[in-house]
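We're numbering straight along the sequence, starting at 1.
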Amino acid sequence: MIRPTTCPICQHVAPQASVNAYFPFCSERCKLVDFSRWWDGKYQIVDHLDEDRLLELQERTDSNSRHDSSDAEEY
């Protein structure tokens, strides 16, 4: 037997997507609560960075900053 999907916000059973426009949420309210939490920064996707990856991202950011400032000087 397939277990019913529960709403990640209120834990009530969420009707299947074929009859529920808000799936995997049970209602529009729960969908908006979830959106609000993302918007307010309560949810985060965390990427664990090792030192090499951190340096690579920093160099890329520095390179983009230099590129952006040189473009601004042309105008």
Q: Kindly write out the residues that satisfy side chain to side chain contact (heavy atoms under 4.5 Å, CB included) with Q58, not counting sequence neighbours, or none if the list is empty.
A: L55, D62
Q | Partner set under side chain to side chain donor-acceptor pair (under 3.5 Å) for R60, not counting sequence neighbours | A | E56
Q: Check Q44 against W38 and note the closest heavy-atom contact, atom names and distance.
A: N-CZ3, 4.4 Å
Q: Could you tell me which residues satisfy side chain to side chain contact (heavy atoms under 4.5 Å, CB included) with D40, sequence neighbours excluded, listed by chain and number?
A: S36, K42
Q: Each residue besides F35 in its hydrophobic cluster should be listed here, by chain and number; the cluster joins Ile, Leu, Val, Met, Phe, Trp and Tyr at side-chain heavy-atom distances under 4.5 Å.
A: W39
Q. Does CZ belonging to R29 count more than 12 external heavy atoms closer than 6.0 Å?
A. no
**Q.** Whether S63 side chain and E59 backbone form a donor-acceptor pair below 3.5 Å
**A.** no
Listed pairs under 3.5 Å, donor-acceptor, residues 5-24 side chains, sequence neighbours left out:
unit_1, atom_1, unit_2, atom_2, d
Q11, NE2, C7, O, 3.4
Q11, NE2, P8, O, 3.3
N20, OD1, Y22, N, 3.0
N20, ND2, P15, O, 3.3
N20, ND2, F25, O, 2.8

